[in-house]
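Order of the sequence lines fixes the chain letters, A, B, ..., with proteins taken first and strands second; residue numbering starts at 1 for each chain. Small disclaimer: the values here were computed from a predicted structure and weren't measured.
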Amino acid sequence: MIDFSWAIDPVYIATIFFFIVGLQRMSHPLTARSGIVWAGAAMLIATLVTFLTPNLTNFTLMALAIVIGGGFGYIAAKRVGMTDMPQMVAFYNGMGGGAAAGISAVALLGTTTAPSGSLAVIGGLIGAVSFSGSLIAFLKLQGWMRPRPITFKGQQVVNMMILALAIVSGVLVLSHPSWIPLTVGMYLPLFFVLSLGFGFLMTLPIGGADMPVVISMYNAFTGLAVALDGFSFATPNYAMVIAGIIVGAAGSLLTLQMARAMNRSISNVFFGAFGATEEKEMQIQGSMKSIEADDVAVMLAYANKVIIAPGYGMAVAQAQQKVKELTDLLESKDIQVKFAIHPVAGRMPGHMNVLLAEAGVAYDHLFDRDEVNPEFPSTDVVLVIGANDVINPAAHRKGSPLFGMPILDVEQAKNVIVLKRGQGKGFAGIENDLFYRDNTRMLYGDAQETVGKLVQALKKL
Amino acid sequence: MIDFSWAIDPVYIATIFFFIVGLQRMSHPLTARSGIVWAGAAMLIATLVTFLTPNLTNFTLMALAIVIGGGFGYIAAKRVGMTDMPQMVAFYNGMGGGAAAGISAVALLGTTTAPSGSLAVIGGLIGAVSFSGSLIAFLKLQGWMRPRPITFKGQQVVNMMILALAIVSGVLVLSHPSWIPLTVGMYLPLFFVLSLGFGFLMTLPIGGADMPVVISMYNAFTGLAVALDGFSFATPNYAMVIAGIIVGAAGSLLTLQMARAMNRSISNVFFGAFGATEEKEMQIQGSMKSIEADDVAVMLAYANKVIIAPGYGMAVAQAQQKVKELTDLLESKDIQVKFAIHPVAGRMPGHMNVLLAEAGVAYDHLFDRDEVNPEFPSTDVVLVIGANDVINPAAHRKGSPLFGMPILDVEQAKNVIVLKRGQGKGFAGIENDLFYRDNTRMLYGDAQETVGKLVQALKKL
Amino acid sequence: MNDVTMLWTAVYIAMLAAFTGYVVISRVPVILHTPLMSGSNFIHGIVLIGAMVALGLATTPLEQIIGFIAVILGAANVTGGYVVTERILQMFDRSGKKPKKGA
Amino acid sequence: MNDVTMLWTAVYIAMLAAFTGYVVISRVPVILHTPLMSGSNFIHGIVLIGAMVALGLATTPLEQIIGFIAVILGAANVTGGYVVTERILQMFDRSGKKPKKGA
Ligand SMILES: NC(=O)c1ccc[n+]([C@@H]2O[C@H](COP(=O)([O-])OP(=O)(O)OC[C@H]3O[C@@H](n4cnc5c(N)ncnc54)[C@H](OP(=O)(O)O)[C@@H]3O)[C@@H](O)[C@H]2O)c1
Ligand SMILES: NC(=O)c1ccc[n+]([C@@H]2O[C@H](COP(=O)([O-])OP(=O)(O)OC[C@H]3O[C@@H](n4cnc5c(N)ncnc54)[C@H](OP(=O)(O)O)[C@@H]3O)[C@@H](O)[C@H]2O)c1
């Protein structure tokens with residue numbers, strides 16, 4: 001066979017090039033797609049040329065594994081609903097972490113010559129933690145496991161001890177001192193069991209709603225593990241190193257931004273039970289005043305400018321399609337409609353944008369907090385659809401657990417209509433005195449139904 | 001002596017880190033200075049640890065050269081006036097190019113083991129071109145050489161032939177075929193003479209006013225040469241490679257931006273005599289109406305909002321100090337004063353900002369074209385101080401050489417006062433019919449004097 | 001090139017990659033944070049090529065099993081990450097072009 | 001590590017450096033373009049360390065002379081570039097903090 005292995009490096013380099021260009025093109029919704037398509041094509045070619053790597057065997061196994069894994073990944077990804085994005089990301093992230101741990105394991109078993117086995121150990125530890133942690137996150141978000149935090153006394157101490165043991169066994173894998181009558185092959189399982197265990201235990205106490213932050217962090221972890229595993233070969237695989245580090249940087253940045261937008265610190269997510277600082281029973285003036293869909297429709301029909309503030313409840317009710325209908329109807333009556341998108345509305349960053357885009361709302365209707373906040377005073381009607389925390393004025397009040405969180409200042413609009421099922425609290429579990437304001441009216445019911453009623457009523461007008 | 005050479009790589013890496021951070025901090029005027037100071041400190045330490053490189057000799061010569069070069073650079077840089085920035089940049093750039101060419105020469109003479117001599121040849125060629133080209137640019141800008149384009153028939157052909165000869169001799173340096181009875185040491189001078197010659201000849205036909213674009217391009221050239229020379233050593237010096245490439249990217253980007261803001265293409269700068277498309281004698285309606293400083297002062301005193309549009313003439317007249325005085329005086333009378341800064345006002349990008357900052361005008365008074373253009377209609381008085389092309393409405397007229405160039409739309413203001421010495425044209429050499437508009441008045445005289453008169457007159461009011 | 005040189009080369013590469021990642025990603029608008037997350041998921045799917053080499057160099061059955069699983073996981077990661085990201089971005093693309101049509 | 005590997009390593013580094021430079025520099029506002037120009041001038045002054053090594057390894061008088069000149073030029077480049085940039089940025093710094101004081 002002719003040696004085509006010279007093609008490998010240039011293809012890998014081109015792949016990294018297109019990865020970076022792909023990320024750069026994500027700076028705008030219209031260029032983003034072509035960027036990812038190029039990156040995907042590059043990755044496909046990179047996979048193919050990898051078969052040309054000198055000295056490889058097991059090609060049948062390799063092809064089989066790719067077909068199994070790829071086929072499974074493809075089908076699952078095609079089927080998943082947009083509301084289930086967070087767990088899907090967690091799932092694929094776990095896969096990547098697992099693969100990284102596997103590479104480390106093979107490298108440490110000694111077939112590949114690792115110039116620095118310590119990098120393989122660290123990569124294996126991080127990859128394994130990301131694998132098991134992401135799996136828990138997936139199970140919790142998918143509802144296959146109790147999403148509530150699972151806690152017990154002394155948990156942190158136990159976790160830290162397991163981490164310490166994992167590190168010690170990692171050191172033993174590398175040094176296997178002669179005075180202990182064990183071989184590398186015996187330390188290795190211990191090392192991975194401990195690492196996986198740490199990932200499980202670290203993720204168990206985290207509540208379902210904090211999961212997006214955790215997933216984003218595990219994303220960074222997997223990236224790091226992949227980068228470290230890039231050194232598990234005779235010559236370093238810099239494509240893995242660079243791609244891994246870029247993902248590490250992306251994940252870290254997103255984690256921090258998300259935590260900030262949720263007004264929480266990272267250590268708080270991992271080690272603090274949320275709401276410990278919950279304020280004393282608040283004295284709320286006034287009462288919640290309900291309204292009927294027909295009256296809201298009239299109100300809308302006479303408005304000049306309507307802003308829709310969607311939240312997690314819209315996703316739960318799968319109401320985005322109806323919301324799109326409502327938008328079109330209002331616009332056909334020459335009413336200006338904008339969407340106010342809070343960065344952490346929903347359950348993952350940018351979640352609302354995706355759902356609305358799926359329903360066909362053009363992204364130029366979507367405005368982020370800073371853009372839209374100055375517009376509320378000149379707005380006739382704000383429709384709050386299944387949002388709660390992201391519009392809670394408690395964020396402006398010292399002592400509230402939400403204090404300092406940047407919110408959508410919907411209360412400045414002339415009329416605020418809140419669509420929710422009942423008295424349910426938001427993710428933070430805090431009363432929302434916006435609902436008691438004089439200019440606020442409650443439209444109770446599942447959001448899909450109530451928005452549907454609004455559409456009907458408006459059509460009749 | 002103890003071997004401290006392990007310190008070299010980490011220090012170089014830290015230097016690159018601080019270079020990049022320094023550039024990142026240039027995204028805001030207030031953080032920029034600390035960024036460059038860190039980068040400078042890192043570079044100082046990098047220079048010191050370089051003495052620890054194994055196998056070096058000639059330390060006395062080295063120290064002496066550093067003292068001579070550094071001392072000279074320091075003194076010249078401390079003395080230069082801010083108006084003379086363009087030639088200073090050209091000068092230092094030439095130094096860098098020369099140093100790069102020198103490294104290539106030493107490498108090619110065979111003392112250092114160059115894994116790929118061809119990189120040294122390319123680096124030497126580019127460095128030498130940058131050296132001689134920058135020198136011509138310096139001489140022209142400094143006024144030590146006729147700034148007018150020096151052209152002759154068939155120039156392009158001659159230049160291209162010299163470049164081709166330089167490349168051929170570079171190839172000979174590497175291959176020195178046995179059928180030609182010459183040694184490397186004999187090809188090398190030829191190679192460098194031809195390279196330097198090409199740099200000279202390529203820069204000669206470029207007019208003084210196009211020089212900033214050229215300088216920026218030579219800046220990119222020097223960066224590239226430095227990057228290539230990073231491979232002239234037994235192990236590649238990646239610090240040189242990375243820093244060089246970053247400068248190459250910076251220089252290219254700036255060159256393109258500048259050319260765009262001047263409404264010219266790069267090839268036009270190098271190969272086209274400017275103004276070849278000059279429009280037919282234009283029919284200008286009306287006449288230029290002059291005004292006295294006292295009348296302008298009254299006008300200013302009754303204004304609510306004044307915008308100052310400075311240009312190259314302000315730099316020539318060294319009027320920035322007086323302009324600052326005028327600004328303070330107007331502000332003390334509660335008149336709003338803003339500066340409209342065109343990207344290519346003056347003789348290098350951002351030149352006006354530097355001059356005004358030197359005079360103590362706070363940068364929050366400076367607004368770029370896009371910010372300030374919508375404000376002209378609500379402005380009572382625009383003071384055009386020594387600007388011409390950047391406010392020429394011919395840019396809106398098809399057929400004009402300026403057509404398409406983004407300009408400051410000062411003509412939309414209620415009153416436009418133009419401060420210039422007489423009927424002199426701008427750099428582009430085109431009539432400016434703004435001066436003939438009904439709402440335009442000319443205040444003739446050297447800008448330093450006339451602004452001074454305005455200050456006096458305003459004080460008396 | 002010895003191990004020490006390789007170490008520093010790696011540090012240079014890591015540093016530049018971190019800068020590149022940081023700067024490029026901080027430009028992605030909030031509106032695209034979900035696809036950014038799944039997109040970076042896709043990017044670390046490059047682990048597949050490493051898993052393939054690991055499997056290809058495996059000799060003992062244990063190594064082969066681990067390598068086999070690693071390739072499956074890597075392939076699932078990269079395919080799933082790509083498909084999900086592309087699906088999401090397609091919506092933005094379409095929603096930008098034909099704002100009147102539903103999904 | 002052989003020459004081919006070194007070549008590709010160099011290409012990776014060059015590519016990342018180009019991306020980093022491009023992205024970082026496109027964020028510099030027009031107001032700072034003059035110091036950006038002189039600042040990047042300073043940065044290629046790192047040529048000094050290369051010139052020092054070239055001189056340090058020079059053995060023949062010709063090499064020594066060329067190396068000597070290269071170090072002089074490099075030192076002038078780096079010092080001048082730094083001083084000029086710092087002087088300019090100092091003005092912006094000061095002009096931002098004490099807008100009422102002249103230079
Ligand atoms: N986006 C992220 O990245 C992210 C990540 C982690 C955590 N979080 C957190 O999630 C929260 C998001 O805030 P949010 O305002 O979007 O949501 P939220 O605070 O969780 O509130 C959702 C509201 O929707 C209502 N609702 C639920 N199902 C509904 C249905 N079928 N029809 C109508 N209404 C329904 C609920 O009230 P009823 O039960 O009365 O109907 C609830 O008050 C924030 O606290 C944020 O910190 C976000
Ligand atoms: N910034 C850059 O990067 C750059 C680079 C290369 C080229 N350029 C070019 O340079 C031009 C810059 O435009 P600009 O409007 O700033 O300047 P300009 O078009 O060169 O015009 C300068 C004006 O100032 C007047 N002037 C000269 N000395 C004066 C003094 N002592 N007192 C008062 N007035 C004086 C001149 O008229 P009088 O003779 O009648 O006084 C002249 O009309 C553009 O064409 C641009 O493309 C800029």
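A side-chain donor from one of A/T50 and A/Y12 sits under 3.5 Å from a side-chain acceptor of the other. Judged purely by distance below 3.5 Å, without hydrogens or angles, the side chains of C/T34 and A/N353 never pair a donor atom with an acceptor atom.
For A/M43, the part lying near chain C is the side chain, with the backbone staying farther off; criterion is any non-hydrogen pair under 4.5 Å. Using a 4.5 Å cut-off between heavy atoms, A/L23 contacts chain C through both its backbone and its side chain. For A/M26, the parts lying near chain C are the backbone and the side chain together; criterion is any non-hydrogen pair under 4.5 Å. Residue contact with chain A, scored on non-hydrogen atoms closer than 4.5 Å, involves the side chain of C/V78 exclusively. Only the side chain of A/T53 comes within contact range of chain C, judged by heavy atoms closer than 4.5 Å. For A/M240, the parts lying near chain C are the backbone and the side chain together; criterion is any non-hydrogen pair under 4.5 Å. Interface remark: A/A243 contributes backbone and side-chain atoms alike to the contact with chain C (heavy atom separation under 4.5 Å). For A/Q257, the part sitting under 4.5 Å from any heavy atom of chain C is the side chain, from C-beta outward, and nothing else. Contacts of A/L61 with chain C are made by both backbone and side-chain atoms, with heavy-atom separations under 4.5 Å. Within the 4.5 angstrom heavy-atom criterion, no atom of A/V49 approaches chain C. A/R369 does not touch chain C: none of its heavy atoms, backbone or side chain, sits under 4.5 Å away. Using a 4.5 Å cut-off between heavy atoms, A/N93 contacts chain C through both its backbone and its side chain. Heavy atoms closer than 4.5 Å to chain A are found in the side chain of C/L48, but not in its backbone. At a 4.5 Å heavy-atom cutoff, the contact between A/I242 and chain C is made by backbone and side-chain atoms alike. Only the side chain of C/F42 comes within contact range of chain A, with heavy atoms under 4.5 Å apart.
Of residues 221-228 of chain A, those residues lying under 4.5 Å from chain C by any heavy-atom pair are A/T222, A/G223, A/V226.
By the 30° and 60° cut-offs, the orientation of the rings of A/F59 relative to A/F51 is tilted.
Contact count versus chain C (heavy atoms, under 4.5 Å) is highest, among A/A220, A/A99, A/G98, A/G73, for A/A99. Comparing C/G21, C/P29, C/A76 by heavy-atom pairs within less than 4.5 Å of chain A, the highest count is held by C/A76.
Distance check: A/N58 CG to C/Q64 CD gives 4.5 Å after rounding to the nearest 0.5 Å. C/I72 CD1 to C/I69 CD1: the interatomic distance, rounded to the nearest 0.5 Å, is 7.0 Å. We find the CG-CG distance between C/N41 and C/L36 to be 10.5 Å, quoted to the nearest 0.5 Å. Note: C/L89 CG to A/R33 CZ = 8.5 Å, rounded to the nearest 0.5 Å. One finds the CE atom of A/M95 at 8.5 Å from the CG atom of C/N77 (value rounded to the nearest 0.5 Å). Annotation: the span from A/N219 atom CG to A/S130 atom OG amounts to 7.5 Å, rounded to 0.5 Å.
Side-chain contact between C/I49 and C/I46 is present, with at least one heavy-atom pair separated by less than 4.5 Å. Side-chain contact between C/Q90 and A/E358: absent, with no pair of heavy atoms (C-beta onward) separated by less than 4.5 Å. By the 4.5 Å heavy-atom criterion applied to side chains, A/I103 and C/V53 are not counted as neighbours.
A donor-acceptor pair under 3.5 Å is formed between the side chain of A/Y92 and the backbone N or O of A/A77. No donor-acceptor distance shorter than 3.5 angstrom exists from the side chain of A/S216 to the backbone of A/P212, with no hydrogens or angles considered.
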